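What follows is a short report on a single structure.
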Amino acid sequence: MSASIHLVFLGFNESQRFLNLSSNETSQDSLPDIELIEIDKILRLLQLCIKPVVGAFGLFVNTLTLIILCKMGLKKASNILILNLTLADCLILMNSVNFVHLLARFGHDTISFNFYGWELSGDLAGFVVILDRLSNSLHYWGSYVSTGIPVLITLERFIATFFPLKFKQIVTPKRVFILNVAIWLIWLPWILSWSLLYTFVSSKLPNGQLITKRKRATFFIKDIYLYSLIDVYVLNFLSSIIPVCLVCLGCLCIGIRVKLFRRERKLLATSSTRSSMRTTRTLVSVSLIFSAINGCYFIVGLLFSDLNTTLFITMVDEIMRLMLNICSTSNFFVYVILNSKFRRIFMTMITLRT
């Protein structure tokens with residue numbers, strides 16, 4: 001892979017390599033040619049077949065989720081949270097079916113792969129470049145936002161579990177909406193600034209083929225090395241391991257509290273408490289899936305960040321990104337299984353009943 005392409009969870013390895021490759025545009029793999037070819041075959045399978053299929057399916061089920069949420073109404077704070085998480089997941093999955101990235105990868109072997117470019121020039125190359133920058137920015141934006149919303153979900157359930165009598169006064173749809181908008185806006189300046197770190201140039205491959213490729217644009221930011229350090233060791237942790245820890249701790253506290261309530265037989269007192277319990281199961285399940293998969297990605301990023309075999313690290317990245325795409329797809333099935341109202345509306349839609 002060429003120099004780093006920044007991303008939350010999807011970006012620790014790449015941001016780290018951005019630092020490692022600060023003086024070189026590409027790095028050479030030390031693996032034998034036969035192993036490189038085999039790894040490249042796996043990469044092609046992941047990037048050109050498996051990920052687009054998972055991405056397309058994920059976009060389909062997330063679109064169904066958006067439709068069902070609109071039918072359920074957005075007067076509940078939990079529905080607003082799920083809606084925003086679904087929108088963020090859609091932005092993440094869109095990159096898997098982005099033809100610009102498929103075009104950059106299609107037809108490239110292990111020799112030309114490090115260029116990560118398009119065998120295009122002129123106005124068509126300029127158009128593809130614009131689409132690439134827009135797609136990456138939206139993808140990264142959704143990735144950042146998707147790490148903050150599970151924290152809000154956990155906090156909302158924490159208040160509902162520990163302060164049920166004051167829940168409606170503390171957690172209102174308006175406040176939840178404002179907090180969700182704030183998360184989207186907080187990450188926007190960082191996304192826009194990173195989009196300025198890259199430019200695109202045209203050059204020739206060893207075989208004479210003209211190719212348009214991504215290149216670091218250091219003229220926008222003087223100290224790009226310091227900028228990358230802040231990203232790797234500050235913002236990356238704020239958008240990765242910290243939310244994972246907060247979600248895990250919150251879910252643990254919620255689980256203990258629920259068990260205590262069950263022992264005292266308070267959960268069966270009213271229909272409202274039973275409804276709250278169903279909502280808690282649904283949202284906590286979503287948060288736990290997020291923590292498990294994204295926590296694993298962060299750990300894998302730490303383990304492989306110092307390897308010099310760029311192509312191998314890229315393969316590991318692609319496998320973990322596939323897992324994150326599956327995570328963005330899985331929420332729909334959690335809602336169908338655990339939320340009776342969501343399931344009822346979904347069954348009505350697929351059976352064409354009114």
Side-chain angles (χ1 to χ4, degrees), residues 8-9 62 65 69 74 76-89 92 142-187 235-262 267 272-299 323-324 326-335 337-339 342:
V8 179
F9 291 112
N62 276 291
T65 300
L69 286 173
L74 300 177
K76 290 181 61 178
S78 58
N79 287 354
I80 296 175
L81 290 167
I82 294 175
L83 177 69
N84 276 274
L85 182 60
T86 304
L87 289 174
D89 286 337
I92 294 173
S143 299
Y144 275 118
V145 171
S146 69
T147 65
I149 295 179
V151 177
L152 292 183
I153 289 175
T154 305
L155 178 61
E156 189 260 1
R157 283 298 93 191
F158 182 89
I159 297 174
T161 304
F162 282 83
F163 308 100
L165 298 179
K166 297 182 179 180
F167 174 73
K168 291 186 177 180
Q169 288 74 33
I170 299 175
V171 181
T172 64
K174 182 179 180 180
R175 290 176 180 175
V176 172
F177 177 79
I178 293 174
L179 286 175
N180 278 272
V181 172
I183 289 181
W184 285 92
L185 294 179
I186 285 172
W187 288 113
L235 294 182
N236 188 61
F237 279 81
L238 289 176
S239 58
S240 55
I241 194 64
I242 291 179
V244 167
C245 291
L246 290 175
V247 168
C248 289
L249 180 61
C251 290
L252 178 62
C253 294
I254 292 170
I256 294 174
R257 184 65 170 174
V258 168
K259 283 189 174 296
L260 292 176
F261 275 153
R262 279 180 174 174
L267 284 176
S272 62
T273 55
R274 290 195 293 270
S275 176
S276 178
M277 181 59 189
R278 288 194 296 268
T279 303
T280 299
R281 285 201 302 266
T282 302
L283 296 181
V284 168
S285 297
V286 170
S287 298
L288 289 176
I289 292 173
F290 157 81
S291 299
I293 296 181
N294 287 280
C296 289
Y297 190 94
F298 183 82
I299 294 173
M323 293 301 299
L324 292 176
I326 293 175
C327 178
S328 297
T329 304
S330 64
N331 293 336
F332 170 81
F333 300 97
V334 174
Y335 307 145
I337 295 172
L338 298 180
N339 190 302
F342 188 97

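The structure displayed is predicted, hence computed values, not measured ones.
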List the atom pairs, with distances to 0.1 Å, where a side-chain N or O of residues 166-186 and a protein N or O form a donor-acceptor pair under 3.5 Å, not counting sequence neighbours.
{"residue": "Thr172", "atom": "OG1", "partner": "Arg175", "partner atom": "N", "Å": "3.3"}
{"residue": "Arg175", "atom": "NH1", "partner": "Gln169", "partner atom": "O", "Å": "3.1"}
{"residue": "Arg175", "atom": "NH1", "partner": "Ile170", "partner atom": "O", "Å": "2.8"}
{"residue": "Asn180", "atom": "ND2", "partner": "Val176", "partner atom": "O", "Å": "2.7"}
{"residue": "Trp184", "atom": "NE1", "partner": "Asn84", "partner atom": "OD1", "Å": "3.0"}

>> List the residues meeting ring-ring contact (aromatic ring centres under 6.0 Å, His included) with Phe163, not counting sequence neighbours, and say none if there are none.
In response: none

> Do Val286 and Pro150 touch side chain to side chain, with heavy atoms closer than 4.5 Å?
Replying inline: no

> Under the side-chain hydrogen bond (donor to acceptor under 3.5 Å, both in side chains) test, which residues partner Asn339, sequence neighbours left out?
Replying inline: none

> Does some side-chain heavy atom of Leu238 sit less than 4.5 Å from a side-chain heavy atom of Thr147?
Replying inline: no

> CG of Asn294 to OG of Ser146: how many Å apart, nearest 0.5 Å?
Replying inline: 6.5 Å

> Residues in side chain to side chain contact (heavy atoms under 4.5 Å, CB included) with Cys248, at least two apart?
Replying inline: Val244, Ser291

>> For the OG1 atom of Thr86 and the CG atom of Asn79, what is their distance to the nearest 0.5 Å?
In response: 10.0 Å

>> Please enumerate all residues that pass side chain to side chain contact (heavy atoms under 4.5 Å, CB included) together with Ile254, with sequence neighbours excluded.
In response: Thr154, Arg157, Phe158, Thr161, Val258, Thr280, Val284

> How are the rings of Trp187 and Tyr144 set to each other: parallel, tilted or perpendicular (split at 30° and 60°)?
Replying inline: parallel

> CG of Leu74 to CG of Leu81: how many Å apart, nearest 0.5 Å?
Replying inline: 11.0 Å

> How long is the gap from OH on Tyr335 to OG1 on Thr65, to the nearest 0.5 Å?
Replying inline: 6.5 Å

> How many angstroms lie between CD1 in Ile153 and OG in Ser285, if you round to the nearest 0.5 Å?
Replying inline: 11.0 Å

>> Applying side-chain contact (heavy atoms from CB on, under 4.5 Å) to Leu324 and Ser328, what does each step give before you reach the verdict?
In response: CA-CA 6 Å; Leu324 292 176; Ser328 297; 5.6 Å; no

>> Does any part of the side chain of Phe290, heavy atoms only, come nearer than 4.5 Å to the side chain of Asn331, both counted from C-beta?
In response: no

> From Leu87 CG over to Asn62 CG, what is the distance, rounded to the nearest 0.5 angstrom?
Replying inline: 9.0 Å

> Name the one of Thr279, Leu83, Thr282 that satisfies side-chain contact (heavy atoms from CB on, under 4.5 Å) with Ser78?
Replying inline: Thr279

